[in-house]
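When reading the values below, keep in mind they use all heavy atoms of this one structure, side chains included, and skip hydrogens, waters and symmetry mates.
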Amino acid sequence: MSVGMRTEHEWRVTGMDCGACAAKVRGAVERLPGVADVDVAVMAERLRLMLDATQTSPESIEMAVRGVGFGIAAKGAQPETPKAGFVLPDGAFPAAAITPAADPAPQDDAPSGDAPAPSWHQTAKGRLVVGTGILLAVAWAARLVLTADVAHWAFVLATLIGLFPVARRALAMARARMPFTIEMLMSIAVSGALVIGEPEEAALVVFLFAVGELLESVSTGKARDSIRALSKLVPKTARLEDGRGTREIAADRLGLGQVVQVRPGDRVPCDGEVIEGTSGVDESPVTGESVPSLKEPGSQVFAGSINTEAVLRVRVTKTAEDNTIARIVRLVAEAESARAPTERFIDRFSRVYMPAVVGAALMVALLPPLAFGLSWSDWSYRALALLLIGCPCALVISVPASIASALSTGARNGLLMKGGRVIEAAARITHVAFDKTGTLTHGRPRVTDMVELAGRKAEFLGLAAGVESGASHPLGQAICAEAERQGVIPSVATAARALPGQGAEASIAGVTVRVGSPRLAEHLGALTEESRNRIAALESEGKTVVIVLCENVAQGLIALRDEPRADAAEAIAQLKDLGLTSVMLTGDNPRTAAAVAGRLGIDHRAGLMPEDKVAELGDLASGARVMMIGDGINDAPVLAAAHVGVAMGSGTDVALETADAAILRDRVTDAAGMIRLARATMTNIRQNIAIALALKAVFLVTTVLGITGLWIAILADTGATVLVTLNALRLLTFRPSKVSGGDVGQAGEMSRLA
């Protein structure tokens, strides 16, 4: 068979409620030829894979997913709806379901909207609960008013009708080489109950199973809705300014460079730059920061934030699919794929556990009658109950449910973590390393002093501004801002380039001009004893000094100071309360670094080049678990080297996409909040695993001893699943920034969840 090139395909899959559902979808498509890199995300309802269409067509993928009982539609197509007639659980559809039509093209000026989620009784699982409940009620009524034989057959009929969709799905899973599923265990147990003459219990088990499935679906829906609510922060319409005046159009139709008007009380419809107006903007819907931020011409605004005071004119800088909200939603959805090590272990464990439960049930059914002559009917009944209580649903869902809730809570509080692996790693952190500029400090240094050496102030300031024109580094931007404030025109520079960890250089009028650190000037032999003394005096005041050099001749000194963030010292104190050690890693000079570190109460390492930061972090990580927090722009190497790299920045591309995690609202105390959330999540996971295993252990023993029967077994299994899910949902109420006195440990975190 010829093998073609694999291409990426993506579908929306409906009806998934837990990790077990994702495993079923994954198993159904992984066995097909030409399929690789299968990624299933429950919260995002997404199936993504690489496919060689010469071996398996996309239509075959869709048939395989429908065959195991889930709805599927290609990305960009309308979600499927089931055909009339009896509805399968979990939104299952017949294999011959009609292929959905593509989305109709919306009108240019029409706002797009999302269809409201159906109520529980309108879903497939809801209808199954209502249907089986009515059948069970009819059967009980028949026992009261009719003969025992009629009631017997009424219960049998209720059982068979309720079991049909479950058994159908069990067979589909078996054909997909996944025989050990809860549907198969249910089918065996309920069928066995009918055979040994227990139709009433069988009918009750079918009903309780349907109720459990529905509760699981509703709970998962709540976690999913909390993530979807982020996308609803962006208004559907925008007031676009054009040659015809101001008109209202769909916000998702805005293009780069267009100008929109944002009135007081309106939500900002796009990521953009303020070009006219001054107003306070409430960014809490995006970053969780409760204090409105002052926006004026040149300021950046986020889609979804709320204008509070005056009209703003905003130029669009990001399209709808690339704005901050869209990227947060995308990041949270992608984070599901990065499964926690604990979750992967439980998945592997469940693959062994399920066959073991079936084997144990067979032994319970066969050994006592064969070895001791005990009742076949009695021990068969106990074996069937053992099958039900042995279902690992609660165990399988224990980790992903907590992770999904934590990701949602983090996103709503400006804390983005890329999946369970990051959460688990953050919970085990022992040391936190900070960059200085833009992390512990505001990243907005101001020029405080200018010292003439071989040139006049206006001249070397113009040279420096020319070299730094268009710079992204805060020091370079501050120099350009000072030149503009003084009315100095930057020199025209060519061939500009950065000197990592040292400064920048460019060619001006054929002369090489460098703007760099004293270390660079010393290396070039450009410093005199007098200039060294002047530099030392400025640095002792906590200022950063840069030197302007023309052909290696020092023209002047520019001193800048960047004040620590107001909450930086509090953040260090909170981390200490959490039992963590903090250290500042900076490329700044030792005297300036010592001045800043002394004010914050933090250890420091100064004068570090980018490669030195990586080496320093490696030394720390040799006996500890280190989280590195940087501005997400100049710290990529050291962020990658840390156990957990956290980018700090208000929604920048790098902050959202480079590191393992991101802090959106530029609050240093959020570093402690992120660790508190991670620890609370791991505590929640351990609680879930304990609940699941403890209930299993208790009822496995009582079932074998004959104390509990079929309906108690399924009730215990359903109850464990519901308890685990509800416990995970408690994380949705967690407040990472909430701090009480004293040491904040893992147990203390969970006590504040309610």
Side-chain angles (χ1 to χ4, degrees), residues 8-30 37-49 51 58 61-82 87-93 97 99-103 112-120 122-126 169 213-214 216-232 321 325-339 343 396-397 400-401 403-405 407-408 411 419-420 725 728-729 732:
E8 185 177 273
H9 293 257
E10 186 172 325
W11 291 267
R12 180 189 174 194
V13 178
T14 57
M16 296 189 297
D17 295 326
C18 64
C21 296
K24 292 170 185 174
V25 173
R26 190 181 300 113
V29 298
E30 278 181 337
D37 300 331
V38 179
D39 172 30
V40 182
V42 175
M43 290 297 129
E45 298 183 306
R46 184 192 68 235
L47 166 63
R48 182 186 296 158
L49 51 79
L51 178 64
I61 297 290
E62 294 175 8
M63 289 184 65
V65 173
R66 292 189 189 104
V68 294
F70 297 93
I72 184 170
K75 185 179 180 181
Q78 293 284 2
E80 291 175 310
T81 54
V87 183
L88 300 179
D90 290 346
F93 304 98
T99 302
D103 283 332
S112 58
D114 298 325
S119 302
W120 69 268
Q122 296 174 314
T123 64
K125 289 185 176 182
R169 191 165 178 185
E213 292 279 283
L214 176 63
E216 184 179 292
S217 176
V218 170
S219 298
T220 304
K222 287 185 178 296
R224 187 176 286 141
D225 288 344
S226 67
I227 296 174
R228 286 176 175 167
L230 290 171
S231 61
K232 296 179 181 178
E321 62 271 13
I325 293 290
R327 284 180 289 154
I328 291 173
V329 172
R330 193 159 56 240
L331 178 62
V332 174
E334 295 291 340
E336 281 192 85
S337 302
R339 298 192 297 164
E343 182 181 356
V396 171
I397 201 176
I403 295 296
S405 295
L407 292 174
S408 176
T725 306
L729 289 177
L732 294 175

> Do Val65 and Val13 pass the side chain to side chain contact (heavy atoms under 4.5 Å, CB included) test, and can you show the C-alpha distance, the side-chain angles, and the key distance before you say yes or no?
Replying inline: CA-CA 8 Å; Val65 173; Val13 178; 4.1 Å; yes

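- For the residue pair Gly420 and Ile403, the shortest heavy atom distance occurs at CA-CD1, 3.7 Å.
- Side chain of Ser405 to main chain of Ala728: a donor-acceptor pair is present (N/O by atom type, distance under 3.5 Å, no hydrogens or angles).
- In this structure Ala28 satisfies the side chain to side chain contact (heavy atoms under 4.5 Å, CB included) test together with Val68, Met178, sequence neighbours excluded.
- Side-chain contact between Arg12 and Arg46 is absent, with no heavy-atom pair separated by less than 4.5 Å.
- Using a 4.0 Å cut-off between charged side-chain N and carboxylate O, Asp39 and Arg26 make no salt bridge.
- Using a 4.5 Å heavy-atom cutoff, the side chains of Trp11 and Leu49 are in contact.
- Note: Met16 CE to Glu45 CD = 6.5 Å, rounded to the nearest 0.5 Å.
- Here the NE2-CG distance, from His9 to Leu51, works out to 4.5 Å after rounding to the nearest 0.5 Å.
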>> Pair Phe70, Val25 - check side chain to side chain contact (heavy atoms under 4.5 Å, CB included), show working.
In response: CA-CA 8 Å; Phe70 297 93; Val25 173; 3.7 Å; yes

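- Separating the CG atom in Leu47 from the CD atom in Glu62 is a distance of 9.5 Å, to the nearest 0.5 Å.
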